[in-house]
Number of protein chains: 2
Amino acid sequence: MAPQANGIAAVRPEGMSAALGREIIGGTLQPGEILTLDSLQGRFGVSRTVARDGVKVLESLGLLYSKRRVGLVVTAEDQWNVYAPSVIAWRLESEHSRKAYVELSQLRIAVEPEAAELAAQHRSEEQMEELLALASKMRRLGEAGRLEEFMVADVAFHRLLLEAGGNTMFTALGDVVAEVLTGRTHHGLMPERPKPEALDAHDAVARGIAQQDTRTARENMQLLVDEVRRALEE
Amino acid sequence: MAPQANGIAAVRPEGMSAALGREIIGGTLQPGEILTLDSLQGRFGVSRTVARDGVKVLESLGLLYSKRRVGLVVTAEDQWNVYAPSVIAWRLESEHSRKAYVELSQLRIAVEPEAAELAAQHRSEEQMEELLALASKMRRLGEAGRLEEFMVADVAFHRLLLEAGGNTMFTALGDVVAEVLTGRTHHGLMPERPKPEALDAHDAVARGIAQQDTRTARENMQLLVDEVRRALEE
DNA sequence: TGGTTGAGAAAAATCACACCTTTTCGAGAA
DNA sequence: TTCTCGAAAAGGTGTGATTTTTCTCAACCA
């Protein structure tokens with residue numbers, strides 16, 4: 001499919017725009033600072049064409065805008081397209097990754113209970129079975145303490161749930177959830193073994209969705225995200 | 001600041017990329033269809049540079065990708081950057097605007113209760129006063145049946161609330177909420193006069209945030225979005 | 001004094017064109 | 001039939017020239 005079928009965190013060799021994007025997001029380039037195409041050509045040793053292409057990308061991410069007679073103006077954070085995969089990735093790489101991580105988690109906390117309810121209403125037979133299967137897989141892997149594999153199943157579970165609701169805007173948050181879940185495991189924020197309550201809740205969510213019981217689905221997802229919330233507050 | 005400091009729905013004279021974007025999102029161009037730079041140069045009477053620039057933008061919105069020797073491949077909906085302001089705008093302009101509207105509303109329903117809670121925790125003094133002021137302004141305008149002005153205040157209220165939570169990803173949804181609220185009024189989906197319960201709930205949310213009472217803020221916002229949910233189900 | 005206008009210049013935007021690179025596909029050889 | 005290799009197609013890159021926008025600043029009028 002699309003060449004960028006990778007997740008948020010994958011590092012692509014995008015060259016100039018990636019480097020500049022990181023500088024803007026990391027704060028090396030302050031809002032209001034002004035660049036010129038000429039300076040970029042010099043700095044990165046690229047032609048005008050490439051410089052312009054890169055700028056075009058950053059512009060569409062809201063990281064800068066170009067103004068005739070002035071140059072390329074770096075924008076403030078509130079102008080960024082914070083839902084663009086590359087912006088999310090660069091934010092997570094920056095010094096303020098902690099803040100980015102918290103924000104992504106808060107988004108997840110807000111969205112997933114509603115997503116569970118929608119999934120209960122709109123899931124297909126196939127999605128239902130897959131969700132049940134993933135939930136029991138999670139139990140198996142979790143109880144065995146195989147954290148890495150557990151995480152993969154966890155990500156798949158949440159992705160599928162978001163997708164099953166049939167709302168493309170929720171589906172698009174799959175990468176966000178994936179990022180948060182992998183981040184949690186890779187930064188050692190997971191207990192040795194997933195809590196039994198978490199495993200139960202995943203099971204219950206899956207069953208709720210299977211039986212099209214919106215309330216069960218939502219409430220158990222709420223349990224899960226409340227746990228995330230508690231963890232964030234530390 | 002940025003030249004596109006407008007909301008989602010504003011029409012910018014972006015030329016080629018906007019026209020193409022609308023065609024892809026509207027379905028005139030089906031996923032998998034293939035264009036070439038050459039054909040775009042011909043169709044829009046622009047040079048290669050401009051055609052490439054436009055393509056670059058659409059590519060970063062996930063609406064197509066370019067492949068050597070093949071051309072420009074139109075992508076399917078699940079690849080689109082549905083959070084990009086221009087994509088949201090084009091979706092709302094398309095024939096499937098109803099679906100887009102529902103999805104945006106569902107997102108709003110999911111996010112706002114959490115946003116209210118965050119606002120209660122993080123709002124500044126100034127934001128608090130402004131929210132209280134907006135809530136009473138809404139009551140005044142609502143009771144007077146001045147729907148258009150009411151809507152403006154309503155948008156300002158929700159925008160500020162999202163911002164006050166201090167989460168940039170929530171703040172960025174201000175445009176979404178604005179779009180949904182203006183859409184509701186302009187499509188005649190609002191009652192003659194806003195329901196008193198809605199006015200009360202806005203007041204209560206503002207008071208909750210003012211007193212940093214997360215529960216009051218959340219619960220009353222929940223009342224508001226539950227009403228939106230009910231309206232959607234018709 | 002103060003606002004308006006106009007000339008000049010800076011920088012992006014566009015155009016045109018030549019050339020490079022990758023990928024595909026078919027013809028012909030093994 | 002399969003393999004190889006070459007040509008063609010399409011995007012990618014580099015460059016110079018030209019156009020357009022808009023900022024600056026100074027001159028000019030009220």
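Order of the sequence lines sets the chain letters (A, B, ...), proteins ahead of strands, with each chain counted from 1.
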Handout entry: Heavy-atom donor-acceptor pair, R68(B) side-chain to dT21(C) base, under 3.5 Å
Key = yes

Exercise for the section: Would you mind classifying the nucleic acid contact of L35(B) as base, sugar-phosphate or nothing, using non-hydrogen atoms under 4.0 angstrom? Expected result: sugar-phosphate

Practice task
Measure the distance from CZ on F44(B) to P on dC15(C) and round it to the nearest whole Å.
Solution key: 13 Å

Practice task
Identify which one of L173(B), L134(B), D175(B) satisfies the side-chain contact (heavy atoms from CB on, under 4.5 Å) criterion when paired with R159(B).
Solution key: D175(B)

Exercise for the section: Would you indicate, yes or no, if dC15(C) has its OP1 or OP2 atom less than 4.0 angstrom from a side-chain nitrogen or oxygen of R48(B)? Expected result: no

Problem - Length of the CG-P vector between D53(B) and dC15(C), whole Å - result: 10 Å

Exercise for the section: Rounding to 10 degrees, work out the angle separating the end axes of the helix from dT1(C)-dA30(D) to dA30(C)-dT1(D) (five pairs an end). Expected result: 20°

Problem - Distance, rounded to the nearest Å, where Y65(A) contributes OH and dA13(C) contributes P - result: 13 Å

Exercise for the section: When you get a sec, tell me which of dC23(D), dT14(C), dC25(C) is the closest nucleotide to the side chain of R69(B)? Expected result: dC25(C)

Exercise for the section: Find the distance D38(B):CG to dA9(D):P and express it as a whole number of Å. Expected result: 11 Å

Exercise for the section: Could you state the atom-to-atom distance from CD of Q41(A) to P of dT15(D) in whole Å? Expected result: 8 Å

Exercise for the section: Starting from the 5' end of DNA chain D, give me the residue, T36(B) or G45(A), whose nearest nucleotide shows up first. Expected result: T36(B)

Problem - Qualifying salt bridge (Lys or Arg N to Asp or Glu O under 4.0 Å) pairs, either residue in residues 29-42 of chain B, two or more places apart - result: none

Practice task
Rounded off to whole Å, could you give me the CG-to-P distance for the L37(B) and dG12(D) pair?
Solution key: 7 Å

Problem - Below 4.0 Å: OP1/OP2 of dT13(D) and any side-chain N or O of T49(A) - result: no

Exercise for the section: Can you sort out the partners of Y83(A) under ring-ring contact (aromatic ring centres under 6.0 Å, His included), two or more places apart, ordered by chain and number? Expected result: Y83(B)

Problem - Spatial distance of atom CG (L107(B)) from atom CD (E114(A)) [nearest 0.5 Å] - result: 9.5 Å

Handout entry: Euclidean distance, atom NZ of residue K67(A) to atom P of dA12(C) [Å, nearest integer]
Key = 13 Å

Practice task
Could you please spell out the steps behind the side-chain hydrogen bond (donor to acceptor under 3.5 Å, both in side chains) verdict for E163(B) and H122(B)?
Solution key: CA-CA 10 Å; E163(B) 191 185 329; H122(B) 302 298; over 6 Å; no

Handout entry: Criterion salt bridge (charged side-chain N to carboxylate O under 4.0 Å, His left out) against D154(A), the qualifying member of K137(A), R146(A), R184(A)
Key = R184(A)

Handout entry: For atom CD of E59(B) and atom C1' of dG11(D), their distance in whole Å
Key = 10 Å

Practice task
Ignoring hydrogens and angles, tell me if any N or O in the side chain of R123(B) forms a donor-acceptor pair with the backbone of I209(B) under 3.5 Å.
Solution key: yes

Practice task
Taking only the side-chain nitrogens and oxygens of S66(B), find out if one of them lies under 4.0 Å from OP1 or OP2 of dG12(D).
Solution key: yes

Problem - Earlier contact from the 5' end, DNA chain D, for V70(A) and K56(B) - result: K56(B)

Exercise for the section: Tell me whether the OP1 or OP2 atom of dG12(D) has a side-chain N or O from R52(B) closer than 4.0 Å. Expected result: yes

